[in-house]
Amino acid sequence: MTAPPGDPATADNVAFWDAMASVHGEGADRYYDIDALAEGASSMSSVEEAAVREAVGEVAGLRVLHVQCHLGMDSVTMTRRGAQVTGVDFSPVSIAKARAVADRCGARVDYLLADSTALPETLHGRFDLAYATVGILGWIADVDAWMRSVAGTLRPGGRLVLVDLHPLFQMFATLEPLVADLPYAFDGPHVFDEDGSYADPDARLAATRSVNFAHSLGEIVTAAVAAGLRVDVLREHLDSDFDPRGDVLAREDDGRFRMRIGGLPAPVLFTLVATRPDEQA
């Protein structure tokens with residue numbers, strides 16, 4: 001079930017992401033290059049770009065909901081391409097920083113503090129695209145509630161683009177040696193207490209305790225179907241142009257990052273594209 005307000009897991013994760021937002025984009029990390037964004041660079045990876053292009057083509061003129069937006073850099077990128085973007089996140093510091101980033105970039109983005117598993121009725125049925133990428137479902141106890149909530153924001157014919165860590169990749173703390181610290185599928189909360197960030201391993205956080213949840217690919221797809229969505233695309237990616245966890249993968253000779261187990265590549269990311277069917281269908 002979704003953790004209710006005041007639940008320790010929710011409180012821990014809000015505090016943790018407030019702490020992460022405080023150190024991200026401060027010039028020392030490898031993920032959040034706000035200077036480059038302000039100069040006009042895209043913040044989206046090749047997998048994210050391809051997923052959006054396949055789902056909706058160009059975003060110009062579309063209403064986009066950026067779910068769990070953190071610093072909102074992709075919100076800025078899509079706004080520059082002509083989308084009307086609303087970003088939501090449960091971290092007050094993330095939302096405040098996202099607003100500052102948008103202001104610096106001269107981008108008009110609406111930001112809202114909200115729990116992605118219980119998005120407010122004011123967002124229901126409004127969006128052509130709900131976009132959520134990389135580091136999403138591992139923070140969600142109830143993937144069914146997440147899918148119902150996000151699906152509810154789509155207009156008929158609207159599409160969900162979810163790009164996230166593959167559950168197999170998310171299992172492993174290290175590859176050499178091969179050490180697993182999460183299961184493949186849901187079995188309840190897993191508590192971690194560690195300093196540093198995927199964006200800056202040397203960062204010192206004001207809050208270090210977090211709670212993660214595993215969800216198998218089967219659970220995720222089934223949740224999408226149960227929420228009334230039609231699954232159009234499910235892809236598993238054996239490589240990426242960045243390390244989604246910051247310090248687990250090594251860059252190979254072709255510049256791509258891969259997870260190899262016994263020398264063989266295994267999936268790093270997955271893409272799910274799903275549609276809210278037309279009401280008359």
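Both backbone and side-chain heavy atoms feed into the values below; hydrogens, waters and symmetry mates do not. If you're wondering where the values come from, they're calculated on a predicted model, not measured in any experiment.
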Please assess L62 against Q84 for the test side chain to side chain contact (heavy atoms under 4.5 Å, CB included), listing each intermediate value before the final yes or no.
CA-CA 6 Å; L62 299 185; Q84 301 175 49; over 6 Å; no
Mind running salt bridge (charged side-chain N to carboxylate O under 4.0 Å, His left out) on R209 and D193 for me, showing each step along the way?
CA-CA 4 Å; R209 180 183 169 94; D193 195 342; 5.5 Å; no
Evaluate side chain to side chain contact (heavy atoms under 4.5 Å, CB included) for T79 paired with V76, printing each intermediate quantity in order.
CA-CA 5 Å; T79 297; V76 170; 5.6 Å; no
Derivation and outcome, side chain to side chain donor-acceptor pair (under 3.5 Å), residues T86 and H66
CA-CA 6 Å; T86 299; H66 186 183; over 6 Å; no
Apply the test salt bridge (charged side-chain N to carboxylate O under 4.0 Å, His left out) to residues E49 and R81: give CA-CA distance (whole Å), side-chain angles for both, the deciding distance (0.1 Å), then the verdict.
CA-CA 12 Å; E49 295 274 17; R81 296 175 181 177; 2.8 Å; yes
Show, in sequence, the C-alpha distance, side-chain angles and deciding distance for D200 and V23, and conclude whether the side chain to side chain contact (heavy atoms under 4.5 Å, CB included) test is met.
CA-CA 8 Å; D200 180 5; V23 302; 5.8 Å; no
Where do C69 and V88 land on the side chain to side chain contact (heavy atoms under 4.5 Å, CB included) test, with the steps shown first?
CA-CA 6 Å; C69 64; V88 294; 5.8 Å; no
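Taking all atoms of both residues into account, the shortest heavy-atom contact from L137 to L162 is CD1-CD2, 3.9 Å. Across all their heavy atoms, L160 and W146 have their closest contact at CD1-CH2, 4.3 Å. The two residues S116 and V150 have their closest heavy-atom pair at O-CG2, 4.2 Å. Considering all non-hydrogen atoms of both residues, G157 and D278 come closest at N-OD1, 3.5 Å. Contact record, L154 with A130: CD2-N, 3.6 Å, taken as the closest heavy-atom pair. When all heavy atoms of I95 and G87 are compared, the closest pair comes out as CD1-O, 4.3 Å.
By the ring-ring contact (aromatic ring centres under 6.0 Å, His included) test, H24 is found to be paired with Y32, H70, Y198, residues two or more places apart in sequence or in another chain being considered. F16 is linked by a ring-ring contact (aromatic ring centres under 6.0 Å, His included) to W139, counting only residues two or more places apart in sequence or in another chain. Not a single salt bridge (Lys or Arg N to Asp or Glu O under 4.0 Å) links R108 to another residue, sequence neighbours left out. Residues passing the side chain to side chain donor-acceptor pair (under 3.5 Å) test with R245: none are found, sequence neighbours excluded. With sequence neighbours left out, the salt bridge (Lys or Arg N to Asp or Glu O under 4.0 Å) criterion links D247 to no other residue. Looking at residues two or more places apart in sequence or on another chain, you find a salt bridge (Lys or Arg N to Asp or Glu O under 4.0 Å) between R260 and E252. Among residues two or more places apart in sequence or in another chain, the salt bridge (Lys or Arg N to Asp or Glu O under 4.0 Å) test is passed with R104 by D35. Judged as a side-chain contact (heavy atoms from CB on, under 4.5 Å), and not counting sequence neighbours, A250 has no contacts. A search for side chain to side chain donor-acceptor pair (under 3.5 Å) contacts involving D74 returns S43, Y131, not counting sequence neighbours.
Criterion: ILVMFWY side-chain heavy atoms under 4.5 Å apart, direct or through other members. Under it, V273 and V52 are part of a common hydrophobic cluster. Under the 4.5 Å side-chain heavy-atom criterion for grouping Ile, Leu, Val, Met, Phe, Trp and Tyr, F169 is connected to I261 within one hydrophobic cluster. Following chains of ILVMFWY side-chain contacts shorter than 4.5 Å, one can reach L71 starting from M44, so the two form part of one hydrophobic cluster. Cluster membership for V163 and L249, using ILVMFWY side-chain heavy atoms within less than 4.5 angstrom, is shared.
Rounding to the nearest 0.5 Å gives a distance of 9.5 Å between OG of S42 and CE of M78. I220 contributes atom CD1, which lies 11.0 Å from atom CD1 of I136 (distance to the nearest 0.5 angstrom). Put simply, CE on M147 and CD on E219 are 11.5 Å apart, with the number rounded to the nearest 0.5 Å. Atoms CG and CG, from L168 and L217 in turn, are 10.5 Å apart once rounded to the nearest 0.5 Å. Rounded to the nearest 0.5 angstrom, S210 OG and N212 CG are separated by 5.0 Å. Between S216 atom OG and F186 atom CZ the span is 11.0 Å, to the nearest 0.5 Å.
Side-chain atoms of W17 and Q68 include no donor-acceptor pair closer than 3.5 Å. Donor-acceptor pairing under 3.5 Å is recorded for the side chains of S46 and D241.
Two residues are said to be in side-chain contact when any heavy atoms from C-beta on lie closer than 4.5 Å; D164 and T133 fail this criterion. In this structure, the side chains of L272 and V233 stay at 4.5 Å or more apart for every pair of heavy atoms. Here the side chains of V14 and P92 are in contact, with some heavy-atom distance below 4.5 Å. Using a 4.5 Å cut-off on side-chain heavy atoms (C-beta onward), H190 and P183 make contact. Side-chain contact between P189 and F213 is present, with heavy atoms from C-beta onward closer than 4.5 Å. Taking the side chain as every heavy atom from C-beta outward, F172 and D181 never approach each other to under 4.5 Å. Side chains of L229 and R276 form a contact here, defined as non-hydrogen atoms less than 4.5 Å apart. Using a 4.5 Å heavy-atom cutoff, the side chains of R258 and L238 are not in contact.
Comment: R53 does not engage E48 in a salt bridge, judged by the lack of any side-chain N to carboxylate O separation of less than 4.0 angstrom.
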Could you pull out every donor-acceptor pair under 3.5 Å between side chains of residues 118-129 and any protein atom, sequence neighbours left out?
from	atom 1	to	atom 2	distance (Å)
H124	NE2	L119	O	3.4
R126	NH1	T122	O	3.3
D128	OD1	R155	NE	2.3
D128	OD1	R155	NH2	3.2
D128	OD2	R63	N	2.8

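Taking Ile, Leu, Val, Met, Phe, Trp and Tyr as members and joining any whose side-chain heavy atoms lie under 4.5 Å apart, directly or through other members, the hydrophobic cluster of L182 also contains F192.
The backbone N or O of F90 sits nowhere less than 3.5 Å from a side-chain atom of S94 that would complete a donor-acceptor pair.
Applying the side chain to side chain donor-acceptor pair (under 3.5 Å) test to every pair with at least one member in residues 220-236, sequence neighbours left out, gives these pairs: E54-R235, R159-D232, H166-E236, R230-D232, R230-T275, D232-T275.
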